[in-house]
2 protein chains.
Amino acid sequence: MLHPLSVCGTIGPMSTSPGAPALGIRATARREVTARIRAEGRRQLASEGAAGLSLRAIARELGMVSSAVYRYVPSRDALLTELILESYSALADVAEAANASVPDQDDLEARWRAVWRAIRGWAFAHPHDYALLYGSPVPGYRAPQDTVAPASRVTGSFAALLVPLATAGGSVPVPVAVPESLSASLESTRAFVGEGVPDDLLLRGLMAWAGMFGAISFELFGQYEGAFADRDTYFDYVIDQWFVLLGGPPA
Amino acid sequence: MLHPLSVCGTIGPMSTSPGAPALGIRATARREVTARIRAEGRRQLASEGAAGLSLRAIARELGMVSSAVYRYVPSRDALLTELILESYSALADVAEAANASVPDQDDLEARWRAVWRAIRGWAFAHPHDYALLYGSPVPGYRAPQDTVAPASRVTGSFAALLVPLATAGGSVPVPVAVPESLSASLESTRAFVGEGVPDDLLLRGLMAWAGMFGAISFELFGQYEGAFADRDTYFDYVIDQWFVLLGGPPA
DNA sequence: AACAAAGCAGAGCGGTGCTCTTGCTTCCCC
DNA sequence: GGGGAAGCAAGAGCACCGCTCTGCTTTGTT
């Protein structure tokens, strides 16, 4: 439909900030087209899901021939990976914003609730993205190592609550003795979360992590279908339960 | 390669049980071919995953032309649905067998451990099948209503442990007050699990259910990557923790 | 023996990812 | 300013997919 260069020639230069290193027509055009491809890809991903992400369809929608897209995107899987990384960052932003939005930062329960409500809200607002991050790996597609770092940012906003829980809260209720070998193999997790978190809290944190995402996944993927009617109340109940099970101080 | 009928004509009649209602040559041939298609589909599903399930590939492997397969299978998704149903049943069989294999049926902790170890073992033995059952729904494919019943059989072998837990065990540790509306909306779950299970145990059972499958999924899908080294010990620890958190009686 | 049902093979439609060649345009450097 | 190098669009093409339709053969039954 539209010739990319013609558009870039008009609005491209206007959109470059003054301090930018004076990109040529070619470079800004490339930026524009790349951005438009990603935007269209995101649109397809949101509406059709990962399997509906098709470079041919993107090209069709953007009025270019399919082979032209390969000038900007190395492959379909590469584009999918980029979109996944974007999604991880978006979810991490949402979680961190929710955590920061709590006025009284000493109110751990409020922060805990805010973070998990935000994560669940994002999951239901972007089900296909969530499925990509926390569902089964996409068929025929293997997540490259690059996804580990952005994923850990989401985990981080959850792990950041464990340290204040360890200091402000009491001990973990109904603790279970931690086997020696398990305790020894937790070093990387201990380093990630931070100092001052005892092993039983660390392990119950791992359980809570999987438990919360498991609850969201079960709800989103239909496993909880028919189990209860009042979904929001159930999830809030789960949030509160986990806060208690992690030894969170009562309000 | 092989002409289906030629094979069926030889081994088909031999495989029909004597008491069977005297299937004609045609009917037994149809059975044979259908079974072979399903077997080949299962093979592909196990090795390539759901996306690798291709009727054309099945036809190629079976030495027939692609259109011929459609005489036996209405569509690719229909075959996938059948295989999913089979997988649900297989997992349910595994779980029930593990439960029944415990000599002392009064030892709830042993039964609890046996069931979950079996489920996890099956998940790792059949990762693609597990992803189909408990991962994100397959792109472009929506599980029909038929999957609900077989899925509940798996859930049932887990829910069956809640009733003896309620009677033999004490109360749920660190209970959290159940909101009125939530309690009211639990009727179907209460009916499914059985009488005599208080609401807080019912709810924590739902949490444990999602938590255990969440832990398996996290481990299988790579979310736990690098969190701990001793995976088996960790999972056993999670099993024990949940047993305690459900108020299971100490050994 | 005749007939209708069942089954097979092949061509074909529209879709996918991806590659290669061909010609053109822009850029950069001499 | 001119020329070479690099970037780009277009199109054809390959191999794959699900699925359909048309003939033709085989089969089981009447």
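Protein chains get the first letters and strands the later ones, always in sequence-line order, with residue 1 at the start of each. Side chains are part of it too, since the values below use all heavy atoms of this structure and drop only hydrogens, waters and symmetry mates.
The side chain of B:Ser54 contributes an N or O atom lying less than 4.0 Å from OP1 or OP2 of D:dG18. A close approach under 4.0 Å does not occur between any side-chain nitrogen or oxygen of A:Tyr70 and OP1 or OP2 of D:dA10. Put simply, B:Arg30 has a side-chain N or O that comes within less than 4.0 Å of OP1 or OP2 on C:dG7.
Base engagement by A:Ser66 is indicated by at least one non-hydrogen atom pair under 4.0 Å involving a base atom. The residue B:Ser67 sits close to a base: some heavy atom pair falls under 4.0 Å. When heavy atoms are screened at a 4.0 angstrom cut-off, B:Ile58 is found touching no nucleic acid atom at all.
Distance from the side chain of A:Met64 is smallest to D:dA10 among C:dC18, D:dC19, D:dA10. In the set D:dC8, C:dC18, C:dG7, the nucleotide with an atom closest to the side chain of B:Arg71 is C:dG7. The side chain of A:Arg60 lies closest to C:dT16 when the candidates are C:dT16, C:dG17, D:dC17. Of the candidate nucleotides C:dG10, C:dT16, C:dC18, C:dC18 has the atom lying nearest to any side-chain atom of A:Arg76. Of the candidates C:dA9, C:dC18, D:dG18, D:dG18 carries the atom nearest the B:Leu55 side chain, counting heavy atoms from C-beta on.
Ring centers of B:Trp112 and B:Phe158: under 6.0 Å apart, within the cut-off. Annotation: B:Phe124 is not in aromatic contact with B:Tyr130 [ring centroid separation under 6.0 Å not met]. B:Tyr224 and B:Tyr234 have their aromatic ring centers within a separation under 6.0 angstrom.
On a pure distance criterion of 3.5 Å, a polar donor-acceptor pair joins the side chain of A:Arg56 and the base of C:dG17.
Taking atom CG on B:Leu53 and atom P on D:dC16, their separation rounds to 17 Å, with Å as the unit. Atom P of nucleotide C:dG7 and atom CZ of B:Arg36 are separated by 14 Å, given to the nearest angstrom. D:dC19 atom C1' lies 15 Å from atom CG of B:Leu79, rounded to whole Å. Rounded to an integer number of Å, the gap from B:Tyr72 OH to D:dC19 C1' is 18 Å. When the P atom of C:dT16 is taken as reference, atom CD of A:Glu61 falls 11 Å away, rounded to whole Å.
Distance check: A:Ser87 OG to A:Arg42 CZ gives 4.0 Å after rounding to the nearest 0.5 Å.
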### Message
Run A:Phe235 and A:Trp116 through ring pair (Phe, Tyr, Trp, His ring centres under 6.0 Å) and show every step you take.
### Response
CA-CA 9 Å; A:Phe235 195 78; A:Trp116 282 113; 7.5 Å; no
